[in-house]
Amino acid sequence: MTLLHDTISADGRKGGAGEILAIRGGRPLRGRVEVKGAKNLVTKAMVAALLGESPSILRDVPDISDVAVVRSLLEVHGVRVQEADEPGSLMLDPRDVESAHMEEIDAHAGASRIPILFCGPLLHRLGQAFIPDLGGCRIGDRPIDFHLDALRKFGAIVEKLPAGIRLSAPTGLRGANIHLPYPSVGATEQVLLTAVRAQGTTELRNAAIEPEIMDLIAVLQKMGAIITVEPSRVILIEGVDRLEGYEHRAIFDRNEAASWASAALATDGEIFVGGAKQPEMLTFLNVVRKVGGTFDIREDGILFRRGGDLRPVTVETDVHPGFMTDWQQPLIVALTQAHGESIVHETVYENRFGFTDALVKMGADIVVHPHGLQDGPRRVPRRSLEQAAVINGPTPLVGADIVVPDLRGGYSHVIAALTAEGRSTVRNVGIIRRGYEKFFDKLTAVGADFDVIG
Ligand SMILES: CC(=O)N[C@H]1[C@@H](OP(=O)(O)OP(=O)(O)OC[C@H]2O[C@@H](n3ccc(=O)[nH]c3=O)[C@H](O)[C@@H]2O)O[C@H](CO)[C@@H](O)[C@@H]1O
Ligand SMILES: C=C(OP(=O)(O)O)C(=O)O
């Protein structure tokens, strides 16, 4: 195994060394990996630091390119960011927040989805905000209409620019009554980050309640916010005049944990995921059990292994506490090895099965139904945008030349290549660093046989 490069570029979009892997598959992955703070919390907690009048300390920050992008965008707005009291901790000092130059903001275009969450904090701190065009996984349209509608209700004025948007709040931001058309994670965070310093009370209905959102609420409460989570997806936020910095250890990355679990199932291996915890993964663990995998929940993590032949399963992705959409892509690799027909209904995004083309090229039997399947009783309400994938297994996979399309799809391609007999070339793996820290090191730790060839 030759490691030529396993570092993050400051800019998540840049290519270069570490982009192409030659993988020799066909043997079980066994070993231990550690997961740190969740990409889907850490990046938002970093934005929350903008709202404080004093510095914040965030611990268990993963070394991923989405964090680098958010750090850089904070820095161009005058936030001083440096390592704090232990490896993987950041001190974020927002006392000198200032407007950034347009070119500095534009340099972050297309790199991540997080910049949209700068709207409320920048409006509070500076009275205006410029937000670059967003990046993130291309798994559907991913509109930001819920975000902008909510911001307008708070009193913001939104202008479309040739690249990005400009917001201003000439008369300040006031609490609002907001009902989200769908429990969007990002829009819920947008409302939280805006309402905490708005004048008066905000009532948010049909809010997302993912564990990462609860952790963001914990961060905001440490800062001085007053947020009440009521039953039935209602969140009340009483605006306050001043927030301070926080000290916080981020919730673990349950998406990374589920990914390594699926790798153990797919390759008939055994992987201990240090830092994984049961409560946030209940729904995933139920599916592991249903497909015939086993898990052993320990004090410091969860051990995943395949117990025998894998069984087929039907899964509907959903908002929390349902089966998370980010889990379905790695799981599908394992389902190619299950005995019988599995069905995955993707109800969150309208285009999240593109990665299966590569799996089919490797020998998998997967048929994607772009308008979903009418197949009997369902727990998750049908959505017009949904699709379904029918996976028949087990099928031997053979090595192929494949190109990574997005973060989870990319991880799934690597795992498929490690499951497949023979040699695969996997291109564009740099995308995987958006959400998986020390990815090559971790592959090595579980015994993957690969070379970085470009
Ligand atoms: C950085 C981050 O935390 N990303 C996560 C976040 O993405 P993100 O916050 O972008 O996902 P959302 O929950 O907002 O999206 C859910 C659905 O709502 C739609 N929608 C959303 C906003 C909007 O203004 N209009 C609109 O129509 C989306 O197109 C999608 O169909 O939650 C997703 C759902 O758990 C996860 O897959 C992503 O990993
Ligand atoms: C869809 C994802 O991320 P993002 O929202 O950052 O594109 C993901 O983490 O799988």
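Every number for a ligand or one of its atoms is a count from 1 in the order of the listing. Residue numbers count from 1 along this sequence.
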*asked:* Does any N or O of ligand 1 fall below 3.5 Å from an N or O anywhere on Tyr349, backbone included?
replied: yes

*Would you say Arg408 and ligand 2 have an N/O pair spaced under 3.5 Å apart?*
yes

*With heavy atoms of Asp326 as the reference, note each atom of ligand 2 found under 4.0 Å away.*
8 (C), 9 (O), 10 (O)

*Per-residue contact class, Lys44 against ligand 1 - non-hydrogen pairs under 4.0 Å*: side chain

*No-hydrogen, no-angle side-chain donor-acceptor test under 3.5 Å, Thr317 and His345*: no

_Per-atom contacts of ligand 1 with Val348, taking only distances under 4.0 Å to non-hydrogen atoms_ = 16 (C), 17 (C), 30 (C), 31 (O)

*If we only count N/O pairs under 3.5 Å, is Leu407 in contact with ligand 2?*
no

*Which of the atoms of ligand 1 are close to Arg142, meaning less than 4.0 Å from one of its heavy atoms?*
7 (O), 8 (P), 10 (O), 29 (O)

_Any Asp141 heavy atom less than 4.0 Å from ligand 1_ = no

*For ligand 1, is any non-hydrogen atom under 4.0 Å from Val185's backbone (N, CA, C, O), its side chain (CB onward), both, or neither?*
both

*Mark up the atoms of ligand 1 that fall under 4.0 Å of a heavy atom belonging to Gly186, in ascending order.*
9 (O), 14 (O)

*Salt bridge present between Arg379 and Asp318 (N-O < 4.0 angstrom)*: yes

*If you have a sec, work out which protein heavy atom is nearest atom 2 (C) of ligand 2 and how many Å separate them, to one decimal?*
Lys39 NZ, 3.8 Å

*Report yes if Asn40 has an N/O atom closer than 3.5 Å to an N/O atom of ligand 2; otherwise report no.*
no

*Output, in order, the C-alpha distance, side-chain angles, deciding distance and verdict of side-chain contact (heavy atoms from CB on, under 4.5 Å) for Phe130 and Leu161.*
CA-CA 9 Å; Phe130 292 93; Leu161 303 178; 3.8 Å; yes

*Answer yes if the ring centres of Tyr411 and Phe439 are under 6.0 angstrom apart, and no otherwise.*
yes

*Taking heavy atoms and a distance under 4.0 Å, where does Arg352 meet ligand 1: side chain, backbone, both or neither?*
side chain

*Would you say the side-chain atoms of Thr356 pair up with the backbone N or O of Leu359, donor to acceptor, closer than 3.5 Å?*
no

*Ring centres of Trp260 and Tyr436 under 6.0 Å apart?*
no

*asked:* Is there a side-chain hydrogen bond (donor to acceptor under 3.5 Å, both in side chains) between Gln328 and Glu346? Walk through the geometry before answering.
replied: CA-CA 8 Å; Gln328 60 90 345; Glu346 170 57 54; 3.1 Å; yes

_N-O pairing of Asp60 and Lys36 below 4.0 Å_ = no

*Basic-acidic side-chain contact under 4.0 Å: Arg166, Glu159*: yes

*Pick whichever of Arg142, Arg434, Glu256 has a heavy atom sitting closest to atom 5 (O) of ligand 2.*
Arg142

_Return the closest protein heavy atom for atom 19 (C) of ligand 1 as residue, atom name and distance._
Phe146 CE1, 4.2 Å

*Examine the proximity of ligand 1 to Met324 and report which part, side chain or backbone, both or neither, has a heavy atom under 4.0 Å away.*
side chain

*Quick one: look up the protein heavy atom nearest atom 25 (N) of ligand 1 and list residue, atom name and how far away it is.*
Asp145 OD1, 2.7 Å

*Should you measure from each heavy atom of Arg113, which atoms of ligand 1 turn up under 4.0 Å away?*
10 (O)

*Taking the non-hydrogen atoms of Thr325, is any one of them nearer than 4.0 angstrom to ligand 2?*
no

*Does Tyr349 reach ligand 2 with a nitrogen or oxygen that is under 3.5 Å from one of the ligand's nitrogen or oxygen atoms?*
no

*In terms of residue, atom name and distance, what is the protein heavy atom nearest to atom 2 (C) of ligand 1?*
Asn40 OD1, 3.1 Å

*asked:* List ligand 2 atoms under 4.0 Å from Gly136, heavy atoms only on the residue side.
replied: 7 (O)

*asked:* Looking at Arg382 and Leu373, would you say the former's side chain and the latter's main chain have a donor-acceptor pair under 3.5 Å?
replied: yes

*asked:* Determine whether a donor-acceptor pair (N or O, by modelled atom type, separation under 3.5 Å) exists between the side chain of His124 and the backbone of Thr194.
replied: yes

*Would you say Tyr182 and ligand 1 have an N/O pair spaced under 3.5 Å apart?*
no

*Is a salt bridge present between Arg427 and Asp401, judged by a nitrogen-to-oxygen distance below 4.0 Å?*
yes

*asked:* What I want to know is whether Pro143 and ligand 1 share at least one N or O pair that is separated by under 3.5 angstrom.
replied: yes

*Ile114 heavy atoms, cut-off 4.0 Å: which ligand 1 atoms fall inside?*
1 (C)

*Should Arg352 be counted as touching ligand 2, given the test is an N or O pair under 3.5 Å?*
yes

*For Ile139, take its heavy atoms, then give the atoms of ligand 2 lying under 4.0 Å from any of them.*
1 (C)

_Can you tell me which portion of Glu350 lies within the under-4.0 Å heavy-atom range of ligand 1? Options are side chain, backbone, both, or neither._
neither

*Do side-chain atoms of Gln221 reach the backbone of Ile226 as a donor and acceptor pair under 3.5 angstrom?*
no

*Aromatic plane relationship, Phe355 with Phe353 - under 30° parallel, 30 to 60° tilted, over 60° perpendicular*: tilted

*Considering Val42, Val319, Asp326, which one's heavy-atom position lies nearest to atom 39 (O) of ligand 1?*
Asp326

*Answer yes if the side chains of Gln387 and Arg352 hold a donor-acceptor pair under 3.5 Å, and no otherwise.*
no

*Ion pair Arg378/Glu386, N-O distance below 4.0 Å*: yes

*Is the number of heavy atoms from other residues, nucleotides or ligands under 6.0 Å of Glu83 CD greater than 12?*
yes

_Could you tell me, atom by atom, which parts of ligand 1 come under 4.0 Å of a heavy atom of His147?_
24 (O)

*Could you tell me whether the side chain of Arg125 and the main chain of Gly52 form a donor-acceptor pair under 3.5 Å?*
yes

*asked:* So for ligand 1, is Ser184 a polar contact partner (N or O within less than 3.5 Å, distance only)?
replied: yes

